[in-house]
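Keep in mind it's a predicted model, so treat the numbers as computed, not measured.
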Amino acid sequence: EKCVECGACIDVCPVSALSLPSADKEEVAAGEPAGKTPVMQNVSSNSEIPADEPKETAVQLTGDLGRYQGVWVFIEQREGEIAPVSLELLGVGRQLADKLGVELAGVLLGDSVCGLQDGLYEYGADKVYLVDHPVLRYYRTETYMQVFVKLVQVYLPEIILMGATTTGRDLAGAMATDLATGLTADCTALDIDTKQRLLLATRPAFGGNIMATIVCKNHRPQMATVRPKVMKMSKPVPGRQGQLVTPQVDLNEKDLLTRVVEIVKEHGEQVNLQDAEIIVAGGRGLGDREGFQRICFGLAEAIGAKVGASRAAVEAGWIEQKYQVGQTGVTVAPKIYFALGISGAIQHLVGIRGSDIIIAVNTDPEAPIFKECTYGIVGDVFKVVPALMEPLKELLS
Ligand code: FAD
């Protein structure tokens with residue numbers, strides 16, 4: 001309401017995501033981008049990539065989709081440690097690339113990260129695009145997007161996959177906007193329509209009530225993000241080799257709008273449910289905070305498990321949001337998942353389907369969780385869990 005349409009924000013937006021309403025009346029279809037006409041540079045694949053090359057030297061994208069080839073995975077790293085989700089995506093990326101008969105490449109950006117590429121070949125990459133530059137030491141939307149977009153414009157991949165992490169979500173959205181292409185976020189399955197060479201990106205839609213398969217027919221690259229632990233990590237092949245490509249970029253700290261002043265690590269207990277082997281999760285059926293503490297934390301402590309929760313338990317204030325499992329919480333893939341007093345709403349189930357074994361305890365024999373679980377116990381958690389505590393402790397701890 002306060003906007004006077006002066007346009008000042010458009011000039012300073014680092015990801016060129018803003019436009020004036022009067023200049024942006026295009027309709028938006030599902031899986032397709034909003035906004036400007038897609039453009040790309042017409043440069044040879046071995047040329048240097050100047051960071052400030054203007055986009056006006058571009059050719060039209062539409063009708064030219066066949067030039068885009070290959071599957072790329074963004075290799076997210078922090079302080080030289082690769083995020084496991086990137087390796088998981090190399091696994092599914094390998095399957096997609098094989099179906100298309102194209103190469104799988106990893107895109108590794110950072111400072112002093114040269115050397116990490118060897119592990120990526122072992123996880124399935126045929127090629128790694130490595131940009132090693134001091135300016136890329138910490139993730140910043142501006143720099144990572146600038147470099148990644150240039151790589152896309154030069155090497156023309158048809159598919160880009162990223163982890164749906166804080167970084168991946170930010171980068172993917174910014175890049176899709178800049179490249180004027182479609183992005184499907186938080187996919188739970190990826191496949192290829194080999195006839196049309198389309199990425200089939202499946203994700204829950206309408207509050208999780210349906211699974212929608214989304215395609216991006218008219219623009220390239222096709223982009224998708226996937227949450228950690230949704231895809232299984234494939235086994236590495238020791239000694240597998242690949243090709244390293246090291247494009248040169250022209251980046252200067254002084255040209256950037258943002259500066260990293262300090263990294264402050266979060267204090268307090270870190271909850272890492274994604275890597276937990278056993279999770280004891282509780283829902284509204286635990287009655288109150290005291291019941292949740294006694295049953296959930298009690299069993300978890302006895303068997304050396306981590307605690308998780310349904311959204312109902314979080315909203316009741318029995319436990320913090322960071323413990324929430326499901327569509328708007330974390331996706332988990334433990335060996336054993338205990339669902340105690342959890343009904344099994346679809347939004348919860350999408351977060352636990354990667355579990356090897358699901359054990360559910362619920363008083364209602366019709367609860368949807370019983371259709372998904374490996375072992376179901378119809379009964380009161382306050383009776384069942386104390387009775388199982390000792391045998392489970394002996395078996396699991
Ligand atoms: P309820 O559905 O109320 O189930 C409680 C269960 O406990 C019942 O089945 C009952 O039979 C059983 N019970 C009661 N007493 C006992 C007892 N003494 N012993 C044993 N069993 C007992 N939910 C999530 O969990 N995670 C999410 O990420 C998430 N995201 C959402 C996103 C959207 C957009 C929306 C719309 C919803 C989301 N939800 C999410 C909410 C979800 O739809 C459910 O409301 C929620 O999962 C229900 O939690 P619950 O199973 O603990 O509670």
Side-chain angles (χ1 to χ4, degrees), residues 9-10 12-19 28 31-36 51 72-90 93 106-111 113 129 131 133 135-153 157 159-188 190 201 203 214 216 219 221-231 249 251 253 255-266 270 272 274 321-322 327-331:
C9 59
I10 295 169
V12 296
C13 176
V15 295
S16 313
L18 302 175
S19 59
V28 184
E32 298 292 320
K36 55 197 176 167
W72 281 14
V73 173
F74 170 56
I75 306 300
E76 185 176 332
Q77 59 79 29
R78 191 169 292 174
E79 293 174 359
E81 200 172 312
I82 293 175
V85 67
S86 304
L87 304 179
E88 291 159 19
L89 290 180
L90 283 177
V107 177
L108 178 59
L109 312 180
D111 179 26
V113 289
Y129 293 96
V131 181
H133 195 290
V135 165
L136 299 172
R137 173 143 190 224
Y138 300 113
Y139 173 76
R140 277 176 285 181
T141 316
E142 195 184 359
T143 47
Y144 271 58
M145 189 198 78
Q146 211 175 76
V147 172
F148 208 145
V149 163
K150 292 290 175 193
L151 293 178
V152 171
Q153 290 169 334
I159 292 171
I160 301 177
L161 308 179
M162 294 192 194
T165 57
T166 315
T167 299
R169 284 170 200 264
D170 182 67
L171 181 61
M175 281 182 60
T177 307
D178 200 60
L179 291 162
T181 191
L183 162 67
T184 308
D186 286 356
C187 299
T188 51
L190 295 170
R203 56 152 295 146
I214 298 170
C216 175
H219 301 275
Q222 304 158 89
M223 295 183 64
T225 63
V226 179
R227 287 199 207 180
K229 294 284 179 185
V230 168
M231 303 292 171
V249 296
L251 285 170
E253 188 67 48
D255 299 334
L256 303 173
L257 292 171
T258 51
R259 198 156 51 92
V260 178
V261 178
E262 193 188 358
I263 302 281
V264 181
K265 298 220 163 128
E266 197 183 345
Q270 300 289 317
N272 187 3
Q274 283 160 359
Q321 206 276 336
K322 60 189 173 187
Q327 189 181 321
T328 41
V330 285
T331 302

Measuring from atom [atom1] of [X] to atom [atom2] of [Y], what distance do you get when rounded to the nearest 0.5 angstrom?
{"X": "Leu171", "Y": "Ile160", "atom1": "CG", "atom2": "CD1", "value": "9.0 Å"}
{"X": "His133", "Y": "Thr143", "atom1": "NE2", "atom2": "OG1", "value": "10.0 Å"}
{"X": "Glu76", "Y": "Met162", "atom1": "CD", "atom2": "CE", "value": "9.5 Å"}
{"X": "Thr167", "Y": "Arg169", "atom1": "OG1", "atom2": "CZ", "value": "11.0 Å"}
{"X": "Leu108", "Y": "Ser86", "atom1": "CG", "atom2": "OG", "value": "9.0 Å"}
{"X": "Phe148", "Y": "Leu179", "atom1": "CZ", "atom2": "CG", "value": "9.5 Å"}

Could you give me the CA-CA distance, side-chain angles and deciding distance for Val85 and Gln274, then say whether side chain to side chain contact (heavy atoms under 4.5 Å, CB included) is met?
CA-CA 10 Å; Val85 67; Gln274 283 160 359; over 6 Å; no
With Glu81, which residues qualify under salt bridge (charged side-chain N to carboxylate O under 4.0 Å, His left out), at least two apart?
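Partners of Glu81 under the salt bridge (charged side-chain N to carboxylate O under 4.0 Å, His left out) test: none.
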Should the pair Glu253-Arg137 be classified as a salt bridge under the 4.0 Å nitrogen-to-oxygen rule?
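Salt bridge: no.
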In chain order, what residues pass the side chain to side chain contact (heavy atoms under 4.5 Å, CB included) check against Thr331, with sequence neighbours excluded?
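Arg227, Val230.
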Return the set of residues passing side chain to side chain contact (heavy atoms under 4.5 Å, CB included) with Asp255 (not counting sequence neighbours), or none when no residue passes.
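With neighbours one apart ignored, the set is Asn252.
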Of the non-hydrogen atoms in [X] and [Y], which two are nearest, and what is the gap between them?
{"X": "Gln77", "Y": "Leu109", "result": "NE2-O, 3.0 Å"}
{"X": "Val135", "Y": "Arg140", "result": "O-NH2, 3.1 Å"}
{"X": "Leu89", "Y": "Gly163", "result": "CD1-N, 3.3 Å"}
{"X": "Leu161", "Y": "Gly93", "result": "CD1-CA, 4.1 Å"}
{"X": "Leu257", "Y": "Glu142", "result": "N-OE2, 2.9 Å"}
{"X": "Pro221", "Y": "Pro157", "result": "CB-O, 3.3 Å"}

Under a 3.5 Å distance rule, please check whether Thr184 uses its side chain to pair with a backbone N or O of Ala224 as donor and acceptor.
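Not a single qualifying donor-acceptor pair exists.
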Just by distance, do the side chain of Arg203 and the backbone of Ala185 share a donor-acceptor pair under 3.5 Å?
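Yes: the side chain of Arg203 pairs with the backbone of Ala185.
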For residues [X] and [Y], determine if any side-chain heavy atom of one lies less than 4.5 Å from a side-chain heavy atom of the other.
{"X": "Tyr139", "Y": "Thr166", "result": "no"}
{"X": "Met145", "Y": "Asp170", "result": "no"}
{"X": "Val131", "Y": "Leu251", "result": "no"}
{"X": "Val147", "Y": "Val107", "result": "no"}

Given the rule in the side chain to side chain contact (heavy atoms under 4.5 Å, CB included) test, do Leu90 and Leu87 qualify, once you have shown the distances and angles that lead to the verdict?
CA-CA 5 Å; Leu90 283 177; Leu87 304 179; 4.2 Å; yes
Test Thr225 against Asp186 for side chain to side chain contact (heavy atoms under 4.5 Å, CB included), laying out the working first.
CA-CA 5 Å; Thr225 63; Asp186 286 356; 4.1 Å; yes
What do the steps show when you test Val249 against Lys150 for side chain to side chain contact (heavy atoms under 4.5 Å, CB included), and what is the final call?
CA-CA 9 Å; Val249 296; Lys150 292 290 175 193; over 6 Å; no
Should the ring pair Tyr129 and Trp72 be called parallel, tilted or perpendicular, given that the plane angle runs from 0 to 90° and is split at 30 and 60?
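Ring orientation, 0 to 90° scale: tilted.
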